[in-house]
Structures are given as C-alpha cells and as structure tokens.
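Since the structure comes first, as structure tokens, the remarks are kept for the end.
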Amino acid sequence: MVTTHNLGFPRIGARRELKFGLESYWKGGATRAQLQQLGAGLRARHWRDQAALDLVPVGDFSFYDQVLDMSFTLGHLPARVSGFHGDMLDNYFRIARGRSAVGAEEHGSCCGGVAAGEMTKWFDTNYHYIVPEFDVGTQFKLDASRLLAQLAEARVQGVAAKPVIIGPLTYLALGKAKDGSDKLALLPRLLPVYAALLAALATEGADWVQIDEPILVTELDAAWQEAFTHAYQGLNTGAVKLLLATYFGQLQENLQLVAALPVQGVHLDAINARHEVEALIQASPAERVISLGVVNGRNIWKSNLEATLDWLEPVAQKLGERLWLAPSCALLHVPVDLESETKLDTEIRSWLAFAVQKLGEISVLAKALTQGRAAVAPELAANRAALAARRTSARVNNPAVQAAVAAITPALGRRQNPFAVRAAKQAAILNLPRFPTTTIGSFPQTREIRLARSAFKAGTINETAYREAMWREIAHSVREQEKLGLDVLVHGEAERNDMVEYFGEQLYGYAFSQAGWVQSYGSRCVKPPILFGDISRPKPMTVEWISYAAALTDKPMKGMLTGPVTILNWSFVRDDQPRSLTCSQLALAIRAEVQDLEGIGVRIIQIDEAALREGLPLRKSQWQDYLAWAVESFRITANGVRDETQIHTHMCYSEFNDIISEIAEMDADVITIETSRSDMELLDVFETFNYPNQIGPGVYDIHSPNIPDEAHIVALMQKAAERIPPERLWVNPDCGLKTRQWHEVIPALANLVSAARFLRAKAT
Ligand code: GLN
Ligand code: ZN
C-alpha cells in the first residue's frame with residue numbers, strides 16, 4: 001500500500017472565482033456572507049477534485065495569503081490594527097491591502113485605512129506573502145478557529161483531511177524584526193502556541209498534520225539548526241503525527257538535521273532532490289513515513305511516468321507502507337485544470353498537466369506501485385506516446401536555432417570598446433545635457449487603449465483600425481514628452497499588453513493558455529506564457545512601432561525591449577533542457593531585434609531585465625552559476641552593437657549589494673533602478689563599489705498616486721550624487737508609468753524635468 005496525498009491546491013478557482021469574489025466584496029458589491037459562502041464552495045470543489053487521494057490538505061485555502069492566515073492563527077497582528085472595528089476578516093484585509101471592504105470602513109476616522117503589510121516573494125516563486133512583523137515584545141496567542149472550522153467542514157463532507165500549517169521556524173524566518181531584534185528569541189513564546197494548536201487539531205480529529213518547513217532547503221546557520229532540534233523536540237507531544245514538509249530544493253547539509261528530528265514523517269522534493277532519497281531513508285528511523293514529491297509542482301509538463309517508476313519501484317520495495325506519494329510542493333504555483341483549455345493547440349495540450357492532471361499522475365504511479373505496471377498499462381502507454389511526440393515534434397526542435405546556440409562564442413557578448421571610449425562617442429552624437437531626463441518605457445494604459453485591444457480581440461475592429469488607435473496613443477505620448485521637455489523620449493508601449501507576453505506572442509516556440517492563471521498575490525493572478533520549443537524570431541517585433549515614434553520628434557527615441565532573463569523567469573519554460581540553454585536561445589532572438597533597431601538608426605536601446613534578481617537560486621552557493629549564464633545572456637543580447645549605440649537596462653529593484661559586480665559585468669552604458677521609496681538608501685552599495693557606467697536612480701515612486709515635488713526630487717538626486725559622480729547620473733522614475741494616469745504623470749514629470757534643470761544650473 002502506498003499513501004497518496006497533496007501538499008496544497010490552487011485556491012483561486014479554475015475561473016478565478018476567488019479573485020472576482022474578493023474584488024466585489026472589497027468594492028462593496030458582495031456581502032461578507034456571500035464571500036464566506038464562495039470560500040466554502042471553492043474548498044468543497046477543490047476537495048472533490050482531490051477525492052482520489054488518501055489524504056487531502058485542509059487549511060491551504062486562503063482568502064489572501066497562507067502566511068497571513070498563520071499570523072492570525074498565532075494571534076500575531078501588527079499593533080496598528082488592534083482596537084479596530086469590524087470582525088476578523090476586516091482586519092485581515094486591512095493588513096493584507098491597507099483597507100477592508102468599502103462597507104467595513106464607515107468608521108473612517110477611527111479605523112479606516114492603515115499601512116498595508118509588506119509583501120515579498122515566497123521563496124523562489126512568483127507568489128507574494130505578507131511579511132510577519134516582529135519586535136522584541138511580540139507575543140502570540142492561539143486562535144485555531146479558521147483551521148478548526150475548515151476541519152469540521154471537511155469532516156461533514158467525508159474528506160480524509162490532513163491539516164496544513166507553516167512550521168515555527170519557517171514562520172519566524174519569513175518575518176522581519178522591525179527593531180532589528182533577534183527573531184529566534186521569540187521561539188520560546190511561539191512553541192507553546194504551536195503545541196496548543198496541535199492539541200486543538202487532534203481534538204478535532206486530525207491524525208496527521210503537515211507542518212511546512214521549506215527553509216530547510218536553504219542555508220541555515222548553527223543557531224537556526226539548533227532551534228530546529230529544540231523546537232521539534234518540544235512539538236513531539238504525541239497529540240498528532242507530524243509530516244514535516246520540505247520543498248523547492250535539496251536538503252544538503254540539513255539532511256542529517258532533518259533525519260534526526262522527532263517527526264513521524266518527512267516530505268522530500270524528489271524532483272529537485274532525487275539523489276537525496278536514499279540518504280534520507282538511510283538516516284531515518286525504521287518506522288518513519290517518507291513522503292516523496294515525485295511530480296513537479298512548479299511546471300506544467302506531463303511527468304515521465306515510466307522513468308519515475310524506474311527509480312521509484314526499488315524505493316517502494318524498501319519502504320512498503322511507509323512510502324507516501326505527492327507532488328513536489330503545493331500546487332499553488334500551477335493552473336487548476338487543463339480541461340479549461342479548449343482553444344489551446346491540441347498537440348501542445350497533449351504534453352501538459354495542470355494541478356488536476358498532476359494529481360491524476362500521482363494516482364497512476366501509486367497504482368503501478370501497488371498493483372504492478374500492467375494495472376495501468378493504458379495510462380502508461382498514453383504517457384509514453386505523449387512524451388515521445390513532444391520529444392520529436394518539429395515544433396519543439398529547430399536545428400537552425402540549435403546550431404546558432406552551439407556557435408555562440410564569448411566574442412558575441414563583448415562590446416568593441418570599453419565604456420569610457422563608448423561614452424565619449426555617444427556623448428558626441430547624442431549631445432545630452434547633464435542630468436539627462438528620461439522615463440522607463442510605458443505611459444498610462446488608458447481606457448482607450450484597453451477598449452481598442454479588447455475590440456480587436458473580439459473581432460469588432462480590424463487590425464488596421466487597431467494599429468491606428470495605437471499610433472494615436474504613441475503620437476500623443478510623444479507630444480506630451482516634448483511639451484514636458486524630457487531629453488530622451490520613449491514611444492510609450494501602448495501596443496504591449498505585457499512586457500513578456502508581447503514578445504512571446506511574436507516568437508516561435510511559445511504557446512498561450514486561456515485560463516492558465518496562477519496567483520501572484522491576493523486577488524492578483526498572472527498567466528505565464530508557455531515556452532515549449534526552440535525559440536526563433538520570424539520577423540522584427542518592435543521596429544515598426546519605434547520607427548513610427550522616432551519620426552515624430554527630433555529628440556532621441558529609445559527603443560524598448562524585454563531581456564532574455566526576464567522573459568525566461570516570467571514564463572513556464574521547458575523541462576527538457578537546462579534553463580541556461582533556453583535563455584541563450586532567447587538571447588539570440590532579442591539580439592537580432594537589437595541589431596534591427598540599430599539598423600534603422602535607433603541610437604538608444606533599453607533592454608529591461610526587471611526579473612533578473614528573482615531568478616537567483618535559494619542557496620547562495622548556487623548564485624554564481626545562475627549569474628554567470630544570466631549575465632552572459634544579457635551580454636549576448638545587448639553587446640552586438642557599435643560603440644555609438646547606447647545600451648540601457650532597467651531593473652525593478654535596487655538590492656544590488658550582493659550582485660553588484662555581476663550587474664556591472666552586464667556592461668550596459670546606462671542602468672535605471674528603483675530607489676525612490678527608500679530615500680536612496682539602497683544606493684549605499686555604490687559607496688564601496690565603484691560602479692563604472694551611468695545610472696538613473698528612480699526619483700518618482702510610480703506605485704503611488706502621490707506626485708513628488710521638485711524639491712523632493714532635487715534632494716533625492718543630491719543624495720545620489722554623494723555616492724555616484726554627478727556626470728554619470730540620469731533623472732528618471734522608478735519604473736514604467738503604465739499603471740498611473742496622465743493627470744498624475746504630467747505634473748510628476750514636469751517636476752522631474754524642472755528638478756533636472758535646477759541641478760544643471762547649480763552645477764555650472
Ligand atoms: N519598460 C517597461 C515599462 O515601462 C518596464 C517595466 C518593468 O520594469 N516592470 O513598463
Ligand atoms: Zn521596473
């Protein structure tokens with residue numbers, strides 16, 4: 001007998017029901033009872049979707065975020081919401097997003113808006129959680145109501161429930177000590193609350209509890225390792241059996257630590273850490289359950305079932321009833337159900353598995369292990385056929401692309417001359433003032449743009465009409481930039497729905513789902529494009545738009561592209577070759593676009609690498625490898641141009657301390673980064689590291705409707721000038737302006753331009 005289970009199911013709903021329900025509730029449409037009902041309905045449906053499993057996760061559903069849920073369970077809320085009116089759900093949304101529903105905010109003066117909790121990425125995924133806020137006085141108090149209610153709900157529905165919670169060490173590690181105090185010092189206060197929680201779950205009938213400790217796949221210092229041992233000795237009360245879940249990577253030096261913890265089961269990510277299976281079994285006590293994550297919970301491809309069985313069968317022989325099977329991690333990071341994809345190309349569709357299909361694979365594997373492969377012969381044959389078709393498909397394999405990648409040499413990534421030589425030539429041609437002003441690329445995505453786009457999609461206007469509508473928008477943004485007196489203009493990106501999708505749609509090797517939504521945070525979802533084959537560029541992708549815009553002005557017009565690393569990191573990418581190789585293919589395609597832009601006389605080309613940092617592996621020891629190929633891909637993309645062509649790059653963050661030398665190695669002539677919210681503190685790294693090229697530290701926080709005044713911008717730039725020589729500084733916003741409105745953008749940019757003029761006057 002093999003036990004099948006799941007670590008977590010996507011909660012947003014196959015048709016994003018939760019998103020729409022939440023947004024309606026916040027706007028004052030749906031009532032709280034309706035929202036609660038929607039949640040219960042989604043839970044029930046998702047439990048039915050998982051009914052074939054022996055154990056089903058309960059408590060993985062969330063109205064916003066599982067880490068915030070855990071903060072409520074632990075009675076740990078920021079002081080700023082204490083004493084507010086309304087019920088718990090109101091405070092929950094206040095912390096999550098700064099305000100609750102419209103109806104809940106009638107006490108505007110006493111408990112209206114409040115600063116939202118900080119959000120950050122959940123490990124190396126694109127899911128964002130609400131950061132727990134600690135200080136030296138933090139106290140905890142159990143509130144098990146959410147979990148107990150959902151367990152009761154599950155019991156009524158006959159669900160074989162396994163409650164899921166975040167473990168104490170991961171919870172502490174994910175939080176931030178606002179006063180710089182030691183988070184581990186809180187553990188003695190936290191453990192009794194966890195012990196009480198486990199006891200409460202036992203009372204409600206829980207046999208096993210899944211306790212997630214994904215920080216075990218990261219580097220831990222001695223104090224944290226020690227804390228693990230101490231904590232789990234304390235939680236081993238016998239009230240319930242604990243399944244300690246690790247995922248997103250390998251245990252490595254933490255393996256022995258994990259093996260020695262007094263828990264009844266351990267889940268290992270056997271996709272990323274298959275070679276650790278044997279060692280974990282060896283080091284574990286004889287009766288321990290070993291749960292193996294054998295289906296990738298992070299991608300959308302069918303598993304190779306026979307190859308999995310090849311290594312799994314001997315393990316199953318050894319473990320017998322102690323073997324559990326699951327996806328590698330919670331399925332939160334994949335779309336719900338491939339059945340929703342009615343328009344997806346049938347060939348490509350036959351290669352895919354979303355959450356529901358992945359659980360189907362788990363069941364097939366379990367059946368093969370218990371009854372023999374013959375019992376699932378048709379399923380295995382179908383899987384084999386799908387994989388073979390994918391492997392040999394002419395749409396996946398393009399020999400010309402493979403040959404081009406094989407022919408890449410380091411010379412491809414090198415500029416002809418060092419920065420100083422290039423800079424002089426560029427200055428002579430561009431003739432820009434000191435403190436040149438520019439923007440990051442997009443201008444507001446207006447109602448007109450959205451209407452034209454949906455009319456074109458729906459077929460109510462033809463392509464010509466659509467293009468004309470976009471030209472009008474481009475002409476408008478060029479006119480506005482001229483009026484503002486900006487030095488380097490952009491076309492405004494009106495024609496781009498999304499900075500990755502726009503390029504994906506024009507490249508061979510990409511497919512698009514209709515409903516492949518994945519939660520990014522709260523009600524926000526993304527639909528990553530599916531990169532399935534060798535990447536090639538059938539024709540130029542941006543040249544017509546940029547040349548149209550360039551002809552409207554005498555000012556330099558920046559050409560705008562998305563870089564290969566960002567395209568890679570924001571797509572579902574193939575699993576049949578290394579990411580680095582896929583990235584090289586993207587690099588060659590975008591490089592060709594760079595050269596085409598240069599060919600029509602575009603003198604400044606910006607290649608956005610917004611997502612370069614988020615591709616960093618969880619373990620620092622693996623950073624170098626990633627950075628080496630990521631930086632090389634950028635260099636191949638950017639550096640095939642003449643000295644006179646100025647390359648810009650943009651990144652939506654500025655935590656560069658630990659990767660600054662690699663950023664410098666990209667050798668872009670100009671880099672623009674996000675810094676305004678931190679008052680330029682993020683530029684501290686430039687005090688010790690002498691960044692050689694030009695920099696535009698953002699001085700306008702585009703995430704906020706606030707308009708920075710001239711004095712504020714001047715002050716920020718002066719701070720920047722303390723760290724970076726002023727002759728190498730640009731003046732620009734933090735990021736693109738597409739989420740803002742024209743009436744905000746105009747005064748903000750006017751202040752930006754006048755601030756630059758003030759700085760120039762002062763400098764002379
Ligand atoms: N050029 C893009 C824009 O302005 C950059 C967006 C981003 O960095 N996320 O919108
Ligand atoms: Zn940005």
Side-chain angles (χ1 to χ4, degrees), residues 119 121 126 128 437-446 449-450 453 470 473-474 477-478 480-481 486 488-504 520-521 524 526 528-529 541-542 545-546 549 557-571 590 593-594 597 602 604-615 634 637-638 646-656 663 666 668 670-678 682 695-704 730-742 744-745 748-749 752:
M119 229 170 28
K121 272 174 186 291
N126 190 30
H128 302 69
T437 55
T438 191
T439 62
I440 306 304
S442 56
F443 269 92
Q445 285 271 331
T446 58
I449 298 179
R450 281 197 300 270
R453 190 143 35 239
M470 295 304 120
E473 291 291 333
I474 290 169
S477 72
V478 172
E480 292 299 330
Q481 292 172 82
L486 286 155
V488 171
L489 310 196
V490 296
H491 78 295
E493 301 182 23
E495 80 289 6
R496 301 186 191 175
N497 37 1
D498 173 273
M499 65 189 284
V500 169
E501 195 167 324
Y502 177 79
F503 291 95
S520 172
Y521 64 89
R524 287 285 283 269
V526 294
M541 304 181 282
T542 63
W545 298 107
I546 305 294
M557 174 64 60
K558 237 187 330 188
M560 290 303 210
L561 301 171
T562 303
V565 186
T566 297
I567 296 182
L568 182 87
N569 284 342
W570 284 349
S571 302
I590 308 294
E593 189 73 16
V594 169
L597 286 173
V602 177
I604 304 183
I605 299 168
Q606 178 173 314
I607 304 162
D608 292 326
E609 284 293 16
L612 187 125
R613 195 177 205 291
E614 68 184 58
F634 179 87
T637 307
Q646 188 172 69
I647 296 289
H648 290 215
T649 189
H650 165 71
M651 299 183 182
C652 299
Y653 48 83
S654 68
E655 300 140 47
F656 288 153
I663 300 283
M666 291 165 68
V670 182
I671 181 169
T672 58
I673 57 182
E674 180 175 322
T675 37
S676 73
R677 269 188 291 186
S678 67
L682 294 167
I695 305 184
V699 288
Y700 165 19
D701 176 10
I702 58 88
H703 306 90
S704 158
W730 286 63
V731 186
N732 48 260
D734 270 343
C735 191
L737 302 167
K738 78 186 211 189
T739 56
R740 298 261 59 89
Q741 297 182 20
W742 277 107
E744 298 160 342
V745 162
L749 292 180
L752 186 145

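In listed order, ligands and their atoms are each counted from 1. A quick note: this is a predicted structure, and the numbers were derived from the prediction, not measured. The first residue in the sequence is number 1, and the count goes up from there. Only heavy atoms go into these numbers, but all of them, side chains included; no hydrogens, no water, no symmetry mates.
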Atom 9 (N) of ligand 1: nearest protein contact (heavy atom, Å): Cys652 SG, 3.3 Å
Atoms of ligand 1, numbered as shown, that sit under 4.0 Å from any heavy atom of Ala610: 8 (O), 9 (N)
Cut-off 3.5 Å, side chains only: do Glu593 and Thr542 have a donor facing an acceptor? yes
Atoms of ligand 1, numbered as shown, that sit under 4.0 Å from any heavy atom of Gly441: 4 (O)
Can you tell me which residue and heavy atom of the protein come closest to atom 6 (C) of ligand 1, and the distance to 0.1 Å? Met499 SD, 3.5 Å
May I ask you to check whether Gln445 and Arg453 show a side-chain donor-acceptor distance below 3.5 Å? yes
Give the numbers and elements of all ligand 1 atoms closer than 4.0 Å to a heavy atom of Cys735. 6 (C), 7 (C), 8 (O), 9 (N)
Cationic N near anionic O, under 4.0 Å, Glu493 to Lys738: no
Could you tell me whether some N/O pair between Ile440 and ligand 1 is separated by less than 3.5 angstrom? yes
Using heavy-atom distances only, which candidate in Val490, Thr672, Ile607, Asp608 approaches atom 2 (C) of ligand 1 most closely? Asp608
Ligand 1 to His650, heavy atom cutoff 4.0 Å, flagged ligand atoms 8 (O)
Taking heavy atoms and a distance under 4.0 Å, where does Glu493 meet ligand 1: side chain, backbone, both or neither? side chain
Degrees at the Zn ion (ligand 2) between the SG atom of Cys735 and the NE2 atom of His650, nearest 10°: 120°
Out of all atoms in ligand 1, which are within 4.0 Å of some heavy atom of Gly736? Include the element for each. 3 (C), 4 (O), 10 (O)
Using modelled atom types and a 3.5 Å cut-off, is there a donor and acceptor pairing between side-chain atoms of Ser678 and backbone atoms of Thr675? yes
Go through the side-chain N and O atoms of Glu609 and Thr566 and say whether any donor and acceptor fall under 3.5 Å apart. yes
No-hydrogen, no-angle side-chain donor-acceptor test under 3.5 Å, Trp570 and Glu614: yes
Considering only non-hydrogen protein atoms, determine which one is nearest to atom 3 (C) of ligand 1 and report residue, atom name and distance to 0.1 Å. Ser442 OG, 3.4 Å
For the backbone of His491 and the side chain of Ser477, can you confirm whether one donor and one acceptor N or O come within less than 3.5 Å of each other? yes
Consider only side-chain N and O atoms of Thr438 and Asn732, and report whether a donor and an acceptor are under 3.5 Å apart. no
